[in-house]
S.K.: 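Sending over a structure as structure tokens; questions will come in a sec.
Please read all numbers here as calculations on a predicted model, not as lab measurements.
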2 protein chains.
Amino acid sequence: MLEHVTGRWGSLVLAALEDGPIRFNDLRRRVDGVSQKVLAQTLQALERDGFVCRNQRTVFPLWVEYTLTPSGKDVSAKLLDLITYVEASMDTVLAARQRYDSPAPAENGARARE
Amino acid sequence: MLEHVTGRWGSLVLAALEDGPIRFNDLRRRVDGVSQKVLAQTLQALERDGFVCRNQRTVFPLWVEYTLTPSGKDVSAKLLDLITYVEASMDTVLAARQRYDSPAPAENGARARE
DNA sequence: CAGCATCCTTATCGATACTG
DNA sequence: CAGTATCGATAAGGATGCTG
């Protein structure tokens, strides 16, 4: 169940829902890269868990909009906090990766723990 | 890169590292269900991203311990906030699932519970 | 102890086509 | 528009055996 919210798509969908009600295809465009199949699955899982609310219009023109439930908002806020932090750390992370990927550093006086 | 920290194993590993330095096999026991292969992969990804620090003892008895870096601590804290909230919502979520999974409510007049 | 290499089984995802 | 159904590719994950 944690994976529903922390997983790749779950977190992006919850984040995208932050800005209010949104319809399926708009959401799909917003969450760039998600296929409609996966988006449907993700939304169903989140709805089942009570984090998003599905609101269907049954007369023409018909559409479905999704919103966050109260607990969905809580989760989404915490998620966004995390995502924002991680995005802000991008540069640092990329630098860390280069250090990690580059050839072994020269030996100076410092040693690993003994 | 976000998936490294939000993914199933990444988040659990970061959360497990909250309590301070821990060795590989202890970590493996702590993060219940992770295989050693996946744990090694996860740790490498997190180390590469600069969220965890690997500290290897090169003399006998040899072991490796992992700790959170400063940014790792930040991420871990935010993650733990989320995990704690989600865990606390378990009951609510399970109830929501039962509602979702139960047979469709009658369509005219008689409504399920609303 | 920590971790790599290999094989093999699943789960996940994308593309496509079709329905209410 | 908002999905469902099916198929095939591919990536993730487990089991086992081996190494510094």
S.K.: Determine, step by step, whether A/E18 and A/L14 satisfy the side-chain contact (heavy atoms from CB on, under 4.5 Å) criterion, reporting the C-alpha distance in whole Å, the side-chain angles of both residues, the deciding distance to 0.1 Å, and the verdict.
M.R.: CA-CA 7 Å; A/E18 270 282 315; A/L14 287 171; over 6 Å; no

S.K.: Just the rounded figure in Å: distance from P of D/dC1 to CG of A/L27.
M.R.: 14 Å

S.K.: Any donor and acceptor pair, going by atom type alone, linking the side chain of B/S71 with main-chain N or O of B/G50 inside 3.5 Å?
M.R.: yes

S.K.: Do A/K78 and A/D81 sit within salt-bridge range, that is, some charged N less than 4.0 Å from a carboxylate O?
M.R.: no

S.K.: Is there a side-chain contact between A/V31 and A/W9, using heavy atoms and a 4.5 Å cut-off?
M.R.: yes

S.K.: Side chains of A/Y66 and A/N55: any donor to acceptor distance under 3.5 Å?
M.R.: no

S.K.: Please state how far atom CG in A/N25 lies from atom P in D/dG3, giving the value in whole angstrom units.
M.R.: 9 Å

S.K.: Quickly work out the B/R57 CZ to C/dA2 P distance and round it to whole Å.
M.R.: 12 Å

S.K.: Touch check for A/R28, heavy atoms < 4.0 angstrom, all strands: base, sugar-phosphate only, or nothing?
M.R.: nothing

S.K.: Classify the nucleic acid contact of B/Q44 as base, sugar-phosphate or nothing, counting any heavy atom under 4.0 Å across all strands shown.
M.R.: sugar-phosphate

S.K.: Roughly, in whole Å, what's the span from CG in B/L39 to C1' in C/dA2?
M.R.: 10 Å

S.K.: Base, sugar-phosphate or nothing for A/F60? Non-hydrogen atoms, less than 4.0 Å.
M.R.: nothing

S.K.: With sugar-phosphate meaning primed atoms plus P, OP1 and OP2, does A/E65 contact a base, only sugar-phosphate, or nothing at under 4.0 Å between heavy atoms?
M.R.: nothing

S.K.: Between protein and nucleotides 14-18 of chain C, what N or O pairs are separated by less than 3.5 Å?
M.R.:
from   : atom 1 : to    : atom 2 : distance (Å)
C/dG14 : OP2    : A/S35 : OG     : 3.2
C/dG14 : O6     : A/K37 : NZ     : 2.2

S.K.: Using whole Å, what does the distance between atom P of nucleotide D/dG3 and atom CG of A/L46 come to?
M.R.: 13 Å

